[in-house]
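Okay, so here's the structure we're looking at.
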Amino acid sequence: MTPRIPFPGPTLVLLAAAVAATAGAEPLPTRAVPVASYDIRVRLDAEAMRLFGEERIVWHNPSSDAVGELWFHLYLNAFRNSESTFFRESRGRFRGGRVGEDGWGGIDVTAIRRADGVDLAAATSFEHPDDDNGADRTVLRVRLPEPVPPGDRVALDVTFEARLPGFLIRTGHARDYVLAGQWFPKLGVYEPAGMRGRASGGWNCHQFHALSEFYADFGHYRVEITLPARFVVGATGRRVARRDNLDGTTTHVFEQTDVHDFAWAADPRFLEIRRTFVAREEVSPVEYEDTARMLGRPHEEVRLDDVEIVLLLQPAHAPQAERLIAAAMAALKWYGLWYGKYPYATLTVVDPAPGAGGSGGMEYPTFITGGTLFVFNRWPLDRLPWPEEVIVHEAGHNYWQGMVASNEFEEPWLDEGFTTYSTGRVMTRVYGPWVFQALGLRLGRLEGWRVENRADRILGPIRRSALNVTSDHNLAVYTRAALALQTLERLVGEDTMARVMRTYHERWRFRHPRSEDFYEVASEVSGRDLDGFFEEAIESPGFLDYEVASVRTERRAPPRGILEDGAVATASAPADDDEDAPGDEGSWRSAVRVRRRGEIVLPVEVELRFEGAPSERRHWDGRDRWVEYEVTGPHPLTAAIVDPDERLVLDVNRLNNSRRVRPDGRTAAYWGARWTFWLQVALSFVGL
Ligand SMILES: [Zn+2]
């Protein structure tokens, strides 16, 4: 058992774990604890679009349990036939792709041995831990002859044959464009008791579902890819060797450490464009200074390293090359400054072939796929930064899930929500707050998210698993999660939020957090108990909607009847000019009723505006269904606004947040809000 994979002894592992667990404003961890490492040789038969592979897998038992079995993902079997759980859930349609009768994929393990030669083939079985689908072959369990003792390791040699699906749903091929993702037998995660709240130790290895993604341990990858010489190839990590073989094939060798997955792409038509992100040219001293001050970190902690960007572009999109490179540079710069430097030497950006859009907008460690179209080459669409946004988003996943490796099956908001929120920050910083600007219309990014967040679409909480998908899944884990983080930012302040995100990243880089770990960091760094916020905004089903239900103001009539001094007063109409006279003390009585229409309860401010006097604020805890404020004073009420600073952007309807008292005594919403409302209506018709 002497793999070529560098492997630290148990002392280094324990040391790294101890460093990672230290609290406070900790330095960025520089290395992951290697748990699952892969040394793979794979050959592509480009005629049949089949892969023939051999892998040496070394698994280090990170727990204090003796572990007697290994669980593997065989993701490609999701595309094996119409009986897979993926197919049943998606009905064969997903990400614009459609499973075709001639395009089935799949993977077979043809041999599996312990590295000392002990054959394990008879000790394998397919499992379906998530459902009762005995026909699903996406999870393989392997029983070992002896358990792996705590802190020890085991090495396995696995031979496999895979058929790349002839369509692209994250992975597959379209003619000779290949996107190989989840293409090799890959270990699940062994979680000891206590990890992510587990009661007892066990493998976390879900089947492949319609919307679920990935979860794996960090390690070292070395992958040799052999394929016909005409292909241009890109992959996770750095190319360390390339050799032409006598049979007309070329072997490309890629290597990367501290990652938990490996993907590659090949296409004879790719234009390969390389640029270096040179940190000292891209980041000014003032930007370093500002970042260090905002985050409360020493200068050396916010310094970035150089990164090579490899863009594999379709020739039809050649005019967009510089745009796409610039977007990747922006992502490396701002994510690096805010969350911590990008720790890898390369970032590879793949532009899917025309018709292979189902492989676009995907993320793997150091390797992402974009999503652009020919129409973005030219005016007027060349001015819309949508292709840039895809790259900034996917590059963001290198932080949220690539490095901070949450469980995408069980808590997808931790990767998609965090990435959507982070993408918004980078895009706003570099490209401005507008996602659409034409014909005098402007649609802000935040506004776009709010348009999507409609009460009638919401079925459940933001924190949810990706295993049982409902129609509001993407709304919850992308948009509403981003709105919740934006709400949090507005409640704690931008700088505090930046420190929350930084600390969360530092503490959980190269580890596996769950939601509670983020909650804890947020409360600790902000110095506020935010459990109530997360309980309502993230964990609770339902929606957030505050409304100013009614506003009233009326001149208080002089007292009538038998008064204190025994005199009898009768009603008399006030003179016309009294309206404009300075009011007597206590001559106006105003009332405002604020209602909570949704289930989500968050404290909120209510602003009361008066004519000729400063506004007043009231604080409402929001617990009851409504609250009424009565004010008697010398000035008439002109308007009432709930959440006047627009902190609670998770609120589903801004239209009802304000009402004013019109001169004729009736009430009306502000026109600004009404305009937004009609825009919402219009956009919902066009299906944005
Ligand atoms: Zn995403």
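When a ligand or atom number is given, it counts from 1 through the structure's own listing order. Numbering starts at 1 and runs along the sequence shown. We use all heavy atoms of the structure for the numbers below, so side chains are in, but hydrogens, waters and symmetry mates are not.
Nearest to the Zn ion (ligand 1), among the N, O or S atoms that H397 has, is NE2. Sorting the N, O or S atoms of E416 by how far they are from the Zn ion (ligand 1) puts OE1 first. The nearest N/O/S atom of H393 to the Zn ion (ligand 1) is NE2.
Side-chain contact check for R502 versus W338: every heavy-atom pair is 4.5 Å or farther apart.
In terms of the ring-ring contact (aromatic ring centres under 6.0 Å, His included) criterion, residue partners of F510 (sequence neighbours excluded) are, by chain and number, F218. Evaluation of the side chain to side chain donor-acceptor pair (under 3.5 Å) rule for Y190 yields D65 as partners, not counting sequence neighbours.
Here the two rings, on F518 and F534, have centers that are under 6.0 Å apart.
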